[in-house]
Structure formats: structure tokens, C-alpha cells
Amino acid sequence: MPERITVTSALPYANGPIHFGHVAGAYLPADIYVRYKRLTGAEVLFVCGTDEHGAPIQINAERAGQSPAEFAARWHEEIKRSFDRLSIRFDNFSRTSRPIHHETTLAFFRALYAGGYIFAKSEDQLHCDHCQRGLPDRYVTGSCPRCGYEAARGDECPKCGHSFEATELGDPRCKTCGRPASKRPSRHWYLDLPKLAPKLETYHAERFPRWRQNVVGEVKKYMADLRPRAITRDLSWGIPVPLEGAEGKVFYVWFDAPIGYISSTREWAVAQGDPEAWRPWWQDPQTKLVHFIGKDNIVFHALIFPAMLLGQDEPYILPDVPANEFLNLEGRKFSTSEGWFISIDEFVAKYPPDTVRWTLTRSAPETRDSEFTYRDFQTRVNAELLGCFGNFVNRMLKFVASRYDGVIPAAEAPFGPEEEAALAALARGVEEVGQALDGYSSRTAAGRLLEIGYAANKLIEDAQPFKRLKDDPARAATTVNVACRLMESLALLLYPFIPQTSKRIAAQLGLAVQDFPGSRRWSDAARPADPAGRRIGKVKHLFRRIEDETVAAEVEALRARAAGAAQTASPAKEAQSKGAKKKKKKKKKKDAPSGPRAEIAFEDFAALDLRVARVAAAESVPGADKLLRLELEVGEERRTVVSGIKAWYTPEDLVGRQVIYLANLAPRKLRGVLSQGMVLAATDEHDAAVLLQPEREVPSGARVS
RNA sequence: GGCGGCAUAGCUCAGUCGGUUAGAGCGAAGGCUUCAUAAGCCUUAGGUCACUGGUUCGAGUCCAGUUGCCGCUACCA
């Protein structure tokens, strides 16, 4: 019986486009694995879909004036198209907003509930009567229970660093409207992970030896302090919790998202005309289940979801979790908001998808974070795809076309040492590439593949058919014949990685493309058939060179786009990303005031138009955690400035006070609000922003120099 | 703050159970070749294995600490 494997890739969140990092970490490795396994004769089902629930989608949809469903639908289509363009082919690509997913999730929940793995607990939660909603930690401010600092956040105090529950805050206020928040009991449901711990331990003990370091480490850490985890939240967009007293509550997205793999499989089964056909893919103990994900998702896939599966009353199989690290872009993290990203659509319009697939595979972040650079892309295309594979195919086929009238010659002489060496390298390569892929390392596999290419080029180099053509035509024909065998094997082996190119090689070799790879098996590649007498197809270059100027232009374009986004007000900017915040946090510990900067000329300083301004109005920017929108009165003028100081200042604190304002900074949109300059602030020993103000009142608009 | 992962040549990365002289590709330097898209093949140079200490006959590898990068720790997904 053929091996049966269920493969999933992390469900992309339908809140924006996917980028190269996602592709390299979760989708491409899975697609390669699936194609490879099919070639080995395994039955494989590859499912995915968009994750469409949760607050971010609800909020962004509101901002876009759409319903969450409409909003998510747009991104679902967009994401689907991106996959399509990269030749990433799922057997089914579903949506968590579909009824079949809701049904599946409810059934899953009921089984857990009936099994006693779910319990309810009431806890006080802060509520804003004015905004009429419950307040998550970061929407609350109040005084620190330890040091009394007045502008403490909902989870910790920026002044003394103490962390606590939001309900411990003194005088809690809603950050959005500034009004006092009240305590209300709120009931939530929890997944009883400790109860499932023994089963989890058995599962982990069996898998750990084969799993990657990063996965084992994460899981061990989490298991050491296993606690029940809330699976519900107060929100309207999501799957309603089907219990008495759970009105207005939905499942927290992490609960329903992984179930999406199962509902996507069920959807596939329905489309096959057999609604029960999903079961073998999830419940047959002989089936292998593999989740391809990024490192941010390890605990959910290697621990929480398995716990949910173990808590079912049906015999679910448990997954392998090859988690990848993250891919960076030209030395920085991908960031859509900072303009630091590559649009997949644009990229694929310029460069063939196979070049992307190859580059991302060769630089895949399997054991540590890795990087995509245009320079690296150029090398992979010019030196590897073109120089190694493309050159071999082209030089040999052109040779066949010009010297053998387009018909592959028979091996008229016995194989010499060169031919034997090449075939041995091929056999070894087939073995090694397969092993690497079985171990979920497409990156290593691609490296081995390249070695087969080197061996192929070396065959021609060593056996020199173009010279022997005159003095030893029989041997020349043998070399060409063997080279063509290698080429067909190479086409087959390349199929999982660069399927379009694989088919083009097959076509040029004179094989029927519709039937490639057809019924060929991976193992066939080790002993290729004799192609003697076959007429080859039209010979064309497989790849186009990428010139230095192109690389320079691409990098330039990327920097230019990011440059507009980069120059923000310093407090606002540093508060923008979690990463930046952490970085700053650590820096601060070492050398509190950052080191001196390079000397500048007086003119450089004079270029700054610094003014005293009065805050006329202040309000928080909707949907932003850290931003306040300030109306500044600068002499006669009014200016709008967005500043990332919400964690430390409430709107009431600010109105009426004077600040120092940098007036001629290029305007920049933050969270949809145009910020015309920045207000200056110092950073205190607790990393909190402290606004600067004149030592005594001066007329607003006064110059600062 | 707590925790996990990572740090090896100019660049991108291999390095098994601790074992001789730490490997590959790109880039650089030199050579060969002209069938092939300035593609191919050969050769050479290039390393204080982040740092400090420890265990050991022996450490890139094991242990502790330090530094840096990334991630997790939320009603963030």
C-alpha cells in the first residue's frame, strides 16, 4: 500500500499580502515536499486556506468600510493568486469563514467539552462603559500597583518595570476615551492542557529525536509550565461559542485556525463526492501528518493542536512539525508598513517563478534566520540555474542539434571512466536529494542537486565530445547519449523544485510535456532510459541573465520606498514595532544615553526648523496602540502631528501644554493620519518618552535655536 | 524580567558520537577550454570556529558565564 501523507502549510492570515518570508518558511518547502513525495509514489493531500477570524481583520475591515467577510475575501483571493503565481499548488485552499469550518470547529469543541478538557472560569475584566466594550490590557492605563506611577500600562509599569494584571491597576482608565474603567466579571473557557499533559509527553518523547532543535526547545519550555489556556474572547467576528452564557463570545483564533486544516480536508472530500473521504487523511494510524510552519507558530502546532487532537473522541493522528526560522530582506526584517518588502506579484511579473523558488529554497531559513538579497538572487540565477543547469542543457542540446541533426545518438562505444563517473554521481545524487527531502530539508536537497549539475558539466569537460567528434566519433556519441540520460534525470529531479523549468527541459529533450513527469518515479532517475534515436525539441535558453545594473536598480528601488517610510518622529518610530522596542530596551540597559554621533556643521543644525508649539487637542489614533494625534498651535498655524507616546501620556495630560516641535520634517502618513513633523522627547531610564517643554511659557511659534 | 534558538572564510552556509591538517558554493587571484548565454573545467589564496572560563589525553562540537541577532512569554495573530 502506498504511503499516505497529509501535508499542511500555516494558514495565512487574511489581513494583507503574503511575502517572501512566508513563502520560504511555510509554503514552498511544503510544495516541494509534496511534489517529491508524489514522485516516490506516495498518496499526498496538500491543504491550506486563509485564517479569517480575529480582531485585526475586524478592525481593518471597519477602517476600510467593509464587513470582515468582504475584507477577508479580498485577501483570500489575493493570497490565492500569489500562490498560484509561484506554482504552489494546494489540493484545497479553504477559508475559516466557511460554514464547513464553523461546523468542524464546533464538533471539535463539543468533543473536547464532553471529554472534560474544557472548563469555564470567571475573572474580573476591565470594561469601559462609554466605549461599551471590554478592555484588553493594552487599552487600559492607570497607576502602578507597586510604584504608583500614574501612566502605567495594562500589563506592566514603564517606570518600575513591574508586571501585573490589568485589574490590579489603581484608578484604571480606558486609553481610548480616557474615562474610568469599571471591573466586571467575565466568563471565559479554557483548554485544560495539564489534563492532557501525559498524552502529550508520550507523543513528544516519540518525536523529539527526529525533530529540529528549535521545535524541541520551544515545546520543552512550554511543557515545563503547562497551564490551561483561554480559548474564547469577547468579539463579534469569529465562531460563536455554543454554550449557555457565552453570548457575545467567539473562539480565539488560535483555537479554530488549526482546525482549518481539517475543515479544508473535509471540503476537499465533499468536492470529491465523498464527504467521509477526509477521515483516512486524519485518522488512519498509517497516515503521516506534516505541518510546515514558521517559528512563530511552533507551540500551537507541536503542542496545543496535538492536545486538541488528543482530546477528541476519535482517533486522530499527530503531526510532525518542521518549523522554519525567518527570512530577512537585504539585512532587515520584512515590514510592509515600513516599505521593506517585495511584492510577489511585481516580482513574478519581472522574473520567472522558478527563479524565486530556487533562490528561496537555496536560502531557506531551515536552521536559523536567513536572508534574501538581490545579489544572492543574481548569483543563484546566473551561477546556478543558468551557469550550471541551463548551460549544461543548452550546450549539449545545441550540440545534438548541430552535429547530430537533432537526433540523440546511440552509445556506440562502451562507457568510459567519464561516463561511469557521471552516472555514479547521478545515482548518489538521487539518493542524497531524496534523503534530504525526507528529512524536510529542501535546502540541502537543492545543494545536492547542484552537485549533479556540476557532474554533468564535468562529463562534457572531461570527455570532450566536441573534440572526439573527429578522432573518435563513437565515443563522442556515447558521451552525448549519456549526457542526455543525465539531462532527463535532472529534469525529473528538478521537478519538485522548479516545475516549469523541469517541463521545459523535458520538452527540449523531445519528451511529451503533458506526460512529464507522468508516471515516472523518483527512483527512475538513478537509472535513466536510453534516449537514442529520439528527436529533440526546439532548443531555447532556459534562463535570462540578471545584470549588475538590474540588481543595483532593484536595491535602489527598495531603499527608495523604505526611505519615505523611515524618517519618522523618533519616539513614534521606536515604539512602532515590537522588535524595535525590544532592541531599544536592551540597548538602554547597556549604555543608557546612546553614544555620541558624528560631528555636523552648524548649517546642518540650522536646517532644522524647531518651534515652540501648544497642544490644542489630542486624541488617540483609532486602531493604533502607541499613537496619539496632536493638534498643534504654532503661531497662527495649526499642524497635525502623530506621536508614539500613547503609552506614557493621556490626551488630557497634553492639551494646553507646550512642546518643542520640528516643523520642517517631511510629512509622513502614520496609521492613515498625515503627520506634519514631530514633537521632541527624551527617553528616561525606564525607556519612557518624556516630552520636552520650554522652561517657562513663551509665545507659541517661537523659534528654538 | 523569564525562556528557547542561533553565532564557523569578504558573503551565503555545511560540519555526524568530542578525535588527525575545520569543509562547500559565491566573490577574489591565476590557468585551461571554445560545444555552450563572458557560460564550463582546474588551481590558489582566504578561518583566534563571537568572547571568557571550565570538563577532557583531546573541544567548532560538552558545561557555565558574557555579548549580539531572532523568536516566545497578551484578550498579538
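Below, chains carry the letters A, B, ... as their sequence lines are ordered, and counting in each starts from 1. The structure displayed is predicted, hence computed values, not measured ones.
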Residue whose closest nucleotide on RNA chain B lies nearer the 5' end, A:G217 versus A:Y13: A:G217
Of residues 477-486 of chain A, the positions that come close to RNA chain B - non-hydrogen atoms, cut-off under 4.0 Å: none
Distance test, side-chain N/O of A:Y252 to OP1/OP2 of B:A74, below 4.0 Å: no
Nearest-nucleotide pick for A:E461, side chain only, options being B:C41, B:U12, B:G71: B:C41
Sugar-phosphate, base or nothing in reach of A:R403, heavy atoms under 4.0 Å: sugar-phosphate
Heavy-atom closest contact (A:T96 atom, A:H53 atom, distance): O-CE1, 3.1 Å
Rounded interatomic separation in angstrom, taking CZ from A:F392 and P from B:U34: 20 Å
Complementary nucleotide for B:C32 - Watson-Crick or wobble, under 3.5 Å: B:G40
Of the listed nucleotides B:C41, B:U33, B:A77, the one nearest the side chain of A:K467: B:U33
Length of the CG-P vector between A:L327 and B:C6, whole Å: 19 Å
Between A:N481 and A:E419, a side-chain donor and acceptor under 3.5 Å: no
Euclidean distance for P, B:U8 against B:C13 (whole angstrom): 9 Å
Integer angstrom distance from the C1' of B:A59 to that of B:C49: 11 Å
Parallel, tilted or perpendicular, as decided by the 30° and 60° cut-offs, for the rings of A:F119 and A:Y190: parallel
Length of the line joining A:H53:NE2 and B:C76:P, which is rounded to integer Å: 17 Å
N/O (side chain, A:R233) to phosphate O (OP1/OP2, B:A77) under 4.0 Å: yes
5' priority, RNA chain B, between A:E325 and A:G54 [closest heavy atom]: A:E325
Integer angstrom distance from the P of B:A50 to that of B:A9: 8 Å
Exercise: do A:E371 and A:S363 side chains pair donor with acceptor under 3.5 Å: no
Strand partner of B:G25, provided both Watson-Crick or wobble distances fall under 3.5 Å: B:C11
Options B:A77, B:U33, B:A39, nucleotide nearest the side-chain atoms of A:F466: B:U33
P-based separation of B:G2 from B:A45 [nearest Å]: 47 Å
Sugar-phosphate only, base, or nothing, as touched by A:L542 at under 4.0 Å among non-hydrogen atoms: base
Sugar-phosphate only, base, or nothing, as touched by A:D369 at under 4.0 Å among non-hydrogen atoms: sugar-phosphate
Sugar-phosphate only, base, or nothing, as touched by A:S402 at under 4.0 Å among non-hydrogen atoms: nothing
Side chain of A:H188 (C-beta onward), nearest among B:G4, B:G40, B:C75: B:C75
Distance below 4.0 Å between A:N391 side-chain N/O and B:G40 OP1 or OP2: no
Listed nucleotide nearest any side-chain atom of A:H541, set B:C41, B:U37, B:U33: B:U37
G-U wobble or Watson-Crick pairing nucleotide for B:C57 (cut-off 3.5 Å, both distances): B:G19
Given B:C41, B:C35, B:G25, the nucleotide with the shortest approach to the side chain of A:E384: B:G25
Sugar-phosphate only, base, or nothing, as touched by A:R362 at under 4.0 Å among non-hydrogen atoms: nothing
Touch class at under 4.0 angstrom, heavy-atom based, for A:R448 against every strand present: nothing
B:G47 - base-pair partner by Watson-Crick or wobble geometry, distances under 3.5 Å: none
Parallel, tilted or perpendicular: rings of A:H204 and A:F208 (30°, 60°): parallel
Rounded distance in Å - CZ (A:F399) to C1' (B:U37): 18 Å
A:W237 and A:V250, any side-chain heavy atoms less than 4.5 Å apart: no
Whether A:H301 and A:H291 hold their rings parallel, tilted or perpendicular, with breakpoints at 30° and 60°: perpendicular
Base-pairing mate for B:C72 - Watson-Crick or G-U, with both contacts under 3.5 Å: B:G2
side-chain N/O A:K398 vs B:U37 OP1/OP2, d < 4.0 Å: yes
Sugar-phosphate only, base, or nothing, as touched by A:S363 at under 4.0 Å among non-hydrogen atoms: nothing
Donor-acceptor side-chain pairing of A:T373 and A:E330 below 3.5 angstrom: no
Whole-angstrom distance between B:G60 and B:C42, as gauged at atom P: 31 Å
Atom pair distance, as rounded to whole Å: CG in A:D548 and P in B:U37: 20 Å
B:G18 versus B:A64 - spacing of their P atoms, nearest Å: 16 Å
Sugar-phosphate, base or nothing in reach of A:F372, heavy atoms under 4.0 Å: nothing
Integer-rounded Å distance: B:C70 P and A:E366 CD: 21 Å
Parallel, tilted or perpendicular: rings of A:F372 and A:F377 (30°, 60°): tilted
Sugar-phosphate only, base, or nothing, as touched by A:D51 at under 4.0 Å among non-hydrogen atoms: sugar-phosphate
Test item: side-chain donor near acceptor, A:T501 and A:D354, under 3.5 Å: yes
Polar pair under 3.5 Å, donor/acceptor by atom type, side chain A:R395, base B:C35: yes
Euclidean distance, atom CG of residue A:L459 to atom P of B:A39 [Å, nearest integer]: 22 Å
Sole candidate of A:K249, A:R187, A:H188 that passes side-chain hydrogen bond (donor to acceptor under 3.5 Å, both in side chains) when paired with A:T232: A:H188
B:A38 to B:G15 separation - P atoms, rounded to the nearest Å: 36 Å
A:K458 side chain near B:C42 phosphate (N/O to OP1/OP2, under 4.0 Å): yes
Rounded interatomic separation in angstrom, taking CD1 from A:I505 and P from B:U37: 16 Å
Options B:G71, B:C41, B:G5, nucleotide nearest the side-chain atoms of A:N457: B:C41
Donor-acceptor contact below 3.5 Å, side chain A:H22 vs main chain A:H19: yes
Mate of B:U52 where both pairing distances stay under 3.5 Å, Watson-Crick or G-U: B:A64
Nearest-angstrom distance, C1' atom, B:G27 to B:G65: 37 Å
